[in-house]
Structure formats: C-alpha cells, structure tokens
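The chains referred to below are lettered A, B, ... by the order of the sequence lines, with proteins before strands, and numbering in each begins at 1.
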Amino acid sequence: MSRYDPAVTEANWQAAWDAAGVFRAHHDPARPKYYVLEMFPYPSGRIHMGHVRNYTMGDVVARHKAACGFSVLHPMGWDAFGMPAENAAMERGGHPKTWTYSNIADMRAQMKPLGLSIDWSREFATCDPEYYGQQQAMFIDMMEKGLVYRKAAVVNWDPVDMTVLANEQVIEGKGWRSNAPVERRELTQWFFRISDYAEDLLDALDGLKDWPEKVRLMQANWIGKSRGLQFAFDTVGAPAGNERLEVYTTRPDTLMGASFAAIAPDHPLAKALEATNPAVAAFVAECRRGGTSEEAIETAEKVGFDTGIRVKHPMDPNWELPVWIANFILMDYGTGAIFGCPAHDQRDLDFARKYGLDVTDTFVAAEAGEPVGKTAFVPMKSEKVRWLKNFAWPEVATAEEAIAAAIAYAEEKGIGHGVTNFRLRDWGISRQRYWGCPIPVIHCPSCGVVPEAKENLPVRLPDDVSFDVPGNPLDRHPTWRDCTCPHCGAAARRETDTMDTFVDSSWYYARFTAPHAATPTDAEECAYWMNVDQYIGGVEHAILHLLYSRFFARAMHATGHLPAKAIEPFNALFTQGMVTHEIYTSSFTIPGEPYPRLGVDAEPGPPVVRQVYHLPEEVEGFLPGKNPRTFLKIEVEQYLQDNPGKERADAYAFLAESGERVYVLPSAKMSKSKKNVVDPVSIVTTFGADTARWFVMSDSPPERDVEWTASGAEAAFKHLGRVWRLADEVDKRGAGDPAQDMALLKTMHRTIADVTAGIEGFAFNKAVAALYAFANAVQRSDASANAKRTAMQTMAQLMSPMTPHLAEDIWAMLGGTGLVAQALWPKADPAMLVEDHVTLPIQVNGKRVAEISVPKETAAPEVEKRVLADETVQKVLAGRSPKKLIVVPGRIVNVVV
RNA sequence: GCGGGUGUGGCGGAAUGGUAGACGCGACAGACUCAAAAUCUGUUUCCGCAAGGAGUGUCGGUUCGAGUCCGACCACCCGUACCA
C-alpha cells in the first residue's frame, strides 16, 4: 500500500474486528464493566449528521474505556414505532411494518461502514413483537400495582378528518391536512401515575451528580413543586351542587388584593353553566378552539366571560368577587380555579385592565413603594416589602414569610389548608393510532376493563390493515377487535389505543442487558450491566424522555423487573448539541376551499400560504467564481462583505431544476420536515468513515450545536492522509538526530495527557486539536527514526477512538502487535510533563506590557526583583515605585502604578 | 407566554478570575512544477505607513486584573406533556 486508501482498508479492518469478535460484550465478573449508550434512532431510513456525531461520541468513549481494560457494553437498536410510518403508508401506500423494517435495514447498512464498536448481536427494534410483548407484560404488572388508570383528557380533534391530531399536526390552530380549525375534545385515556413519584423524582435529582446542571434544573422546574393554600369560596347564585368553589393559590399572602375568581373553561362549574346558558356555551366553545399544547394556550389572547355568579371573600363575608371563566386557567393544575390578584401578577393585571376589574395593592417596595400601574409588582419572594394588606405578619416582611404566615392563619381559622402541589401531570399514554404497542386490555361487558392474560401475549398488531381512511385502523378491524374475555370467556372487545412511543424508549436500556430474555429483563444480567455508565443524546430530550425513563425504572423496580440500584438508570448523562443547517424555503398559496365534510353550506376557508422546503442539494447558488453546489456560510458572508447592498438571499438562492427563487432561513436543527439535512453516506463513500468521524469530533465542543458546512470534510481527509504519510515516512527519512528525541517524546507525553483529558472530559474537539498539534510536531521534528516510530505508534493509539481504521493502518505499518483496537491505552509519564522554565507575562494595571522567562520554582521576591529590573517596567515607572506588585507564582505579575 | 441554554477574528472554536484568539478552515505570499493538482514553508483580530490604539452581543458593577463573577437588556436556539 502506497497511499492512504480508506475505501480498501476500512472494510478490511471492520472484517478483522468482526472475526476477532472485538465488540461482543462479555459478562465477565473478573473485570469492571462499562455500559455506554447513545439514544437510539428513529428509523427514518437515512442516517444524518446528527446520528454520526452522536454515535461517534459514544464510540470514542466505548473504545477508550475498552482500551482502559473495561468490559464494555455498547449496543444499538431502533425506536421504531411512531407516526411517520403511518404517514408514509397514507402518502405512498404500503404497510408501516414493511416501511419500518426496510428503513431499519437501510439505516443499518449506512451505519455499519462507520466502523462503530457496537455489539450488533444485541440489536432489536421496539416494533418487534418480542420487545413490545414484554412491554405489555410490564403494563399488566403495573396495572396490578395500581400504577395505571383511565380518565378523560383532551386531544386535538380534526372535525373534517374525524381524527385525533398530534400537536405538531396542528398548524396555527388548523389541521395539517384538512386545514379545518381544530377543537379540543375529551376522550377517555390511559395514564401512568408518574405524579405519585413527583416528590421522589425531584429529590433524586440531587444525586445525579454527573448529569448536566441545566437538565436537572429543567426537570426540577418541570416537576414544579409548589406550596400553597387551598380553600373554598362560598358561591352566590351558582347552580345546585356548586355551593362551594375550591381554589388553589401559591400566593395566599395576596388574598386581600383579590379582585375576581376565575375558572377553567373545562371546570365543572363552567360545564354546569354551559348546559343552561347559551352565552356561556358559546364562550366555552370558543375557548375550545385551537390546539391543546401549552404553547398554543398560553400565547392565545387572554379572554374571559363574566358568569354573573359571585363568591364571598373568606376573610369578609360582605365582600363579593365576580366569577369569570378565563381561557388561560388550566384544568390540569391545582383545582382549575384561582383568585386573581392583579397587582402582583402580570397576567391577572392585563385581564383586570381589559375587563375593568379592581386592582388593589397588597404590598409595595420597602423603599419608595408606588402603586401598581401598567406593570404588576412581582419582586423576588425573598425580598423585604412593605405590606398594606397584611393580616398575620409584620408590616415589613418577605413574601416567603407572608405566605407561611397566611397558610398558618388560614388553617387556624379553618378557612383552608396548606397544600403541596406539583406541576407534573400524570403521563397520558393512549394514542388513537395503529403503529404502536397495543395496550393489552380487554373491555368485557360483564367483567369491565380487564388485562389480557399473560399467556396470550404479545397482543400482536394485525397485518391486514389499510390507511386509505383517516383514523385508527384498529378501530375498524372487527376480527382483531373482537375477542373473548380472559376472565369469563364472554365475547369482548380489545382496547384499540396503542401506547405513546415514549413508553418504548423508557426501558430499552434495560432490555439491552438481556435482549433475548423470555422476561422483560434478566436479573443476573441487570445486576452486572446496569446502570448505564454514560448516556449520550440530544438536549431536546432533557425533560420528557429522561423523566419518563426515570419514572419507568422506578415502576420496573416496583414490579420486580429492575434492582433497586437501577431506579436511576443513567449514572452520567451527556447532552450533545444538535447538528444544524440553513433552511431553504419557498412558499405557495392554496386557494380557500370549503370544508367538504362539514356540509354543503360550508363557507370556503381563507387561502392558505404553505411553506415548501428544499433539500440542500436541490438548491443552487449564485456565487461568482465558486462551485455552485457548495453552500458555505463562509462564502456567503464573504460575498455579502464584498458586495454591499446585496441581500443574503441574493448570494445563492434558486432551485437547480426550475430556477425558482428560494429564501435562506437561519440554521436550525436538521429535520426531515424542514429538509435541511445532509447525507453522511456521500461523505463516507467519498472520503471514508474516518474522515466523517474526525470531522464531527473536531471544531465544535460536543455540547454545542454545530452548523454543518462542506468545508472541513475535505480538510479532515487531507489531515488523515498527512498522518498516514508521516507513519509511512518514519523509516524513509533517514536516521535523524537522536538529540531531538527528548523534545519529541516530551510533546508525545503532553499529547497523551491532553488527549486523555479531552476524551474523559467530553472535550473531543480539544483532543483533536492536541492531535493536530502533535502531527505538526512530528512533521517538523528531526528526531531519530526510532523516536518517530514510537511517536507514531502512540499517535495511532490516541487516534484510534476517533479514526479506528486509520489507526489500525498505522499500527500495522509500524509493526504493532495485534489490533490497536485491543491495545492498552498509553499512559503519560508525569516526569515528561514537567517544564523547567515558565514565561511570566508582566501587566501594568492589568494590561500586558512584557514578559520574562524564569525557572519554574523561582520564589516571589526573586520574581519581583526581575520584574522591577525589566526595561519596559522601568520606563513605565519612570523612577516612581509601584503602588502594589502582585505576583501569582507560575502565572502572571501585575504592577499597579 | 413560561422554563432552559448560547453569544469571542472572514468562519468553527481555545482560554483553573491571570498573555484573548490554541487548533483547524478560508484567504494571501513563497517553494516545488512546463503548467495545474497534491505537498511543503510563512503571514493572517481590527484601525493605522508607523508609533500607537481598540477589541469577547449591549449597558452598568465587583476586582490589582473580567470572555470568565454579579445586575439589567438584546438576539438566536431548544423544550412546552400526541414529533421522535
């Protein structure tokens, strides 16, 4: 071999690793284990740069730990249920199952050439009946433990397609296909009792020392523990059965500033009024328009309706407040009813101003307090304020003190009681869709809702379904739906809801420890392999997936499927940034159409402007003198700089095929829907896997987003070729000068230390930078061939986690024994890291003016003498003596004049 | 709206409160070449001929010293419970 040729060697090394079984995880009690896991992918059919980055990071960790003597488990699987498979079936025909499995085969074929150190013998997909059958078994166990129940909850309802929509399918309040306004509708659904664990899930965050602080903070805020007062207003003029209105407040200290009570549109009182009062019915119906997402509800204009009902203030029976129905009150939180204190809540203030309600200050700033005008006064709860309406605490007190006093007072007077509430809601897992894990439950006319018998598991999805009609095919599949009751044997019906795909991904990490076990987990394998030592995935999963997994591990422990040590399944978490790319878009207008199934009188809807997105390779650019198919941000910026007056879109912006103008939107997370994706396969086929791997590990810190650009891929390839040549030339460049050996070896040990620290600290970009610098040092060194061989063997080892194939090439070229993939990680010799001289910068008033070089252990007085003798310092001092002289040993000297 | 994060040259980024710009990309110059590619050597924060000055999103503060700590703001990104 005479040149770096990844196309030939990469496949050979992959075959060699396979033959040696290097990546098979061995349950070896004699060795410490290390379980590294990356969040498994959804099988869209194509891998993208985000996958390459994610799996390369895990691979670097896995290979490094293996070299350090650990028995490593590094598995891979597929998060294979979900909506895209059904959408594909609707759009192109075919079956979600064939679409999914064929995508899995495609993606596996694209991933294998990356040379990841994955134990493929443990691979599974969540849509395998062997997997979801075990999930059904656990669901039944959880039912028996009381962790599962049914209740009514709202969904997005598309009145034209007569189907439930996901939040992402609701675009500006309208169905994505029908374009009809979406309504909120209640359905009976299945729930996991995650809120029973709210306190534990919150407290245990403190123990997750190796999780990012931001993730723990986000989860804590999501769980949202609050202490407040719950009490009941006596109502005046309310329908029978509503003599009292329970409210919850976290600000009982502001009770004397209350100006109205407000209830959610779904509150029982609102429903009672709706039945008899057409105006209420109309208002509530208006509130139910739009999607169910918190974002949609919170950003909608705040509107209210005065019910005419009044409530008596608990502190003063002669003081009555109006009861409003308000669209921003959530039925899911607290009691679905509040009292509004406009002076100290901006939302309440806006509402009060809009409808002319009273605004009463209960406290003002301790100094120079002014009454509230347009802005509510909401200081930190720990800040001392001056009270105008205090009823159980001193005039000057913090809100924290006042809240505690108000609760104690209310309890003493029998007005209400202190309550701890959580924002966290129970986990609704029902999905009215086909392509998910069937909920293993049977509805029997005489026995009610009963679990399927375990011996009948898995409840398999039927294959003979079609997607030509919107809605859930399971609902209209009589032979699947009709069954016999496992208790009484009578004719019964299957549950047709399937599970949220977050359930599938909440325990796959445990299944990997024994992927073929006849039970969900295997106790011995769990005992050895759990927990995941390092979990790696996108920060977008910081809350839902990770919180659900933490809950599910607890539920699995409660049902005997995980040991107690695994209730926090992920010891360490790393959240990588996303791979982003510019977005190319154009838009077109669809004329308004009547909603066909709403009846003949339906008015045409308004015209719809739809965004269309274009793949990077479909867009061509106008960049004089440049390859039109490279969309380098650098070039655009340069172009804009060189051509004042031109706009960003002028730089490059039309479709290659039609010449239609497209617009360039700022980089965002690569996503299929925005089509701003880049295909790593072409990089791998052009340059080899190592180039792709090296490229995604360099430059950007792994926790930060990285904007993909074509630049650098080629540069990475060039660098790997250079490293290959450096190894090739070790013996071809003559004997060299042994006097230079020490300097090279010192650099080598420095590099070992830097690369090791970089990998262990998840600073792969810094490890890469150290390796670049080391290559420069080897190239410029005149050291002996022996020293260079040692240096390049170490180079091979240090690069092997990132560029494993090239590392094997070099290792073999230089006569290394066995595979570098099985060699022990090199250790830096501390003696070689010591420098005998240090350079001390000299500052004057914090500005650097000069520097001196002194032996490392020079004492401060000696340094001071040298500094004062320095020419530049003398010039600045001009005979005066410095006000102060700060010597930070080994660091810096600051002369204050 | 709410919660979390990010912001440093032409670009990606580096920097235990201690020399801002490591390392790489790009650009420029030179060597090699008939020529080009590849490779190698060097220069490259900005303004300025220079001396010198300015500079880490904006404004303010703490400190001998701030990219780093504190406060206010701006912009963008992620999440917001049925996208995965």
Kindly point out which of rA38(B), rG13(B), rA20(B) is positioned nearest to the side chain of Arg848(A)?
rA20(B)

Could you please name the option among rG5(B), rG13(B), rA84(B) that lies closest to any side-chain atom of Glu540(A)?
rA84(B)

Report the residue (Val215(A) or Asn765(A)) whose heavy-atom-nearest nucleotide on RNA chain B is the more 5′ of the two.
Val215(A)

Taking only the side-chain heavy atoms of Asn894(A) (C-beta and beyond), determine which of rG18(B), rU80(B), rC83(B) contains the nearest atom.
rG18(B)

Ser430(A) near the nucleic acid: base, sugar-phosphate alone, or nothing, with a heavy-atom cut-off under 4.0 Å?
base

Taking the ring of Phe351(A) and the ring of Phe328(A), is the distance between their centroids below 6.0 Å?
yes

From the options rU19(B), rA81(B), rC83(B), select the nucleotide whose nearest atom is closest to the side chain of Thr839(A).
rU19(B)

ring-ring contact (aromatic ring centres under 6.0 Å, His included) assessment of Tyr508(A) paired with Phe40(A)
CA-CA 9 Å; Tyr508(A) 75 109; Phe40(A) 64 167; 3.6 Å; yes

Distance in angstrom units between Glu298(A) CD and rA81(B) C1', rounded
13 Å

Candidate list Leu208(A), Thr575(A), Ile543(A), test side chain to side chain contact (heavy atoms under 4.5 Å, CB included), partner Val215(A), passing option
Thr575(A)

Side-chain contact check for Met218(A): nearest option of rC23(B), rA81(B), rG3(B) is rG3(B)

Can you tell me, in whole Å, how much space there is between the C1' of rC2(B) and that of rA14(B)?
35 Å

Pairing nucleotide - rG26(B), Watson-Crick or G-U, each distance under 3.5 Å:
rU44(B)

Out of rG18(B), rC40(B), rU39(B), which has the shortest distance to the side chain of Lys718(A)?
rU39(B)

Donor on one side chain, acceptor on other, Arg722(A) and Asn776(A), under 3.5 Å:
yes

Return no unless some side-chain N or O of Thr501(A) is found under 4.0 Å from OP1 or OP2 of rA84(B).
yes

Round to a whole Å and report the spacing from CD1 of Ile892(A) to P of rU63(B).
19 Å

Give every residue pair that meets the salt bridge (charged side-chain N to carboxylate O under 4.0 Å, His left out) criterion with at least one member in residues 538-552 of chain A, sequence neighbours excluded.
Arg550(A)-Glu568(A)

So does Arg704(A) get a side-chain nitrogen or oxygen closer than 4.0 Å to the phosphate oxygens (OP1/OP2) of rA14(B)?
yes

Counting only side-chain N and O atoms of Asn776(A), is one of them less than 4.0 Å from OP1 or OP2 of rG24(B)?
yes

Picking from rG65(B), rC40(B), rU80(B), the nucleotide nearest the side-chain atoms of Gln843(A) would be rG65(B)

Is any N or O donor-acceptor pair between the side chain of Asp699(A) and the base of rG12(B) shorter than 3.5 Å?
yes

Which listed nucleotide (rG4(B), rG24(B), rG18(B)) is nearest to the side chain of Asn221(A)?
rG4(B)

Between rA37(B) and rC32(B), how far apart are the C1' atoms? Round to whole Å, please.
12 Å

Check this for me: does the side-chain of Arg423(A) come within 3.5 Å of the base of rU80(B) through a donor and an acceptor?
no

Using the C1' atoms only, state how far rU56(B) lies from rG13(B), rounded to an integer number of Å.
13 Å

Any side-chain N or O of Lys847(A) less than 4.0 Å from the OP1 or OP2 oxygen of rU19(B)?
no

Glycosidic class, syn or anti, of rG9(B) using a 90° window around 0
syn

For Arg780(A) and rC40(B), is the shortest distance between a side-chain N/O and OP1 or OP2 below 4.0 Å?
no

Using the P atom as the reference point in each nucleotide, state the distance between rU6(B) and rU16(B) in Å, no decimals.
15 Å

Can you tell me how far P in rG52(B) sits from the matching atom in rC59(B), rounded to whole Å?
27 Å

Below 4.0 angstrom, N of the basic side chain to O of the carboxylate: do Arg866(A) and Asp870(A) qualify?
no

Answer with base, sugar-phosphate or nothing: what part of the nucleic acid does Glu301(A) contact at a heavy-atom distance below 4.0 Å?
nothing

Are any of Ser698(A)'s side-chain N or O atoms less than 4.0 Å away from OP1 or OP2 of rG24(B)?
no

Nearest of rC23(B), rG12(B), rU80(B) to any side-chain atom of Glu295(A)?
rU80(B)

Contact class for Leu424(A) vs. all strands (heavy atom < 4.0 Å): base, sugar-phosphate, or nothing?
base

Determine which nucleotide pairs with rA31(B), using a 3.5 Å limit on both distances of a Watson-Crick or G-U wobble pair.
rU39(B)

Does the pair Glu294(A)/Arg423(A) count as a salt bridge with the N-to-O cut at 4.0 Å?
yes

So, Trp427(A) versus Tyr548(A), ring centres under 6.0 angstrom or not?
yes

Tell me if the centroids of the rings in Phe774(A) and Tyr772(A) come within less than 6.0 Å of each other.
no

rA81(B) P sits how many Å from His545(A) NE2, rounded?
18 Å

By nearest heavy atom, map Ala769(A) and Glu703(A) onto RNA chain B; which one lands nearer the 5' end?
Glu703(A)

Quantified in whole Å, what is the C1' atom distance between nucleotide rU68(B) and nucleotide rU19(B)?
15 Å

Could you let me know what rC73(B) is paired to, Watson-Crick or G-U wobble, both distances under 3.5 Å, or none if it's on its own?
rG57(B)

Using only modelled atom types and a 3.5 angstrom limit, is any donor from either the side chain of Glu294(A) or the base of rG1(B) paired with an acceptor on the other?
yes

Counting the atoms with a prime plus P, OP1 and OP2 as sugar-phosphate, which does Val893(A) contact under 4.0 Å by heavy atoms, base, sugar-phosphate, or nothing?
nothing

Below 4.0 Å: OP1/OP2 of rC40(B) and any side-chain N or O of Gln779(A):
yes

Mind checking if Val888(A) touches a base, just sugar-phosphate, or nothing, with heavy atoms under 4.0 Å?
base

Euclidean distance for C1', rG57(B) against rU8(B) (whole angstrom)
10 Å

With a 3.5 Å limit on both atom pairs, tell me what rC64(B) is paired to, counting Watson-Crick and G-U wobble, or say none.
rG18(B)

When the P atoms of rG67(B) and rG55(B) are compared, how many Å lie between them, rounded to an integer?
10 Å

Tell which nucleotide pairs with rG1(B), taking only Watson-Crick or G-U wobble pairs whose two distances are both under 3.5 angstrom.
rU80(B)

Interatomic distance where CZ belongs to Arg425(A) and P belongs to rG3(B) [whole Å]:
17 Å

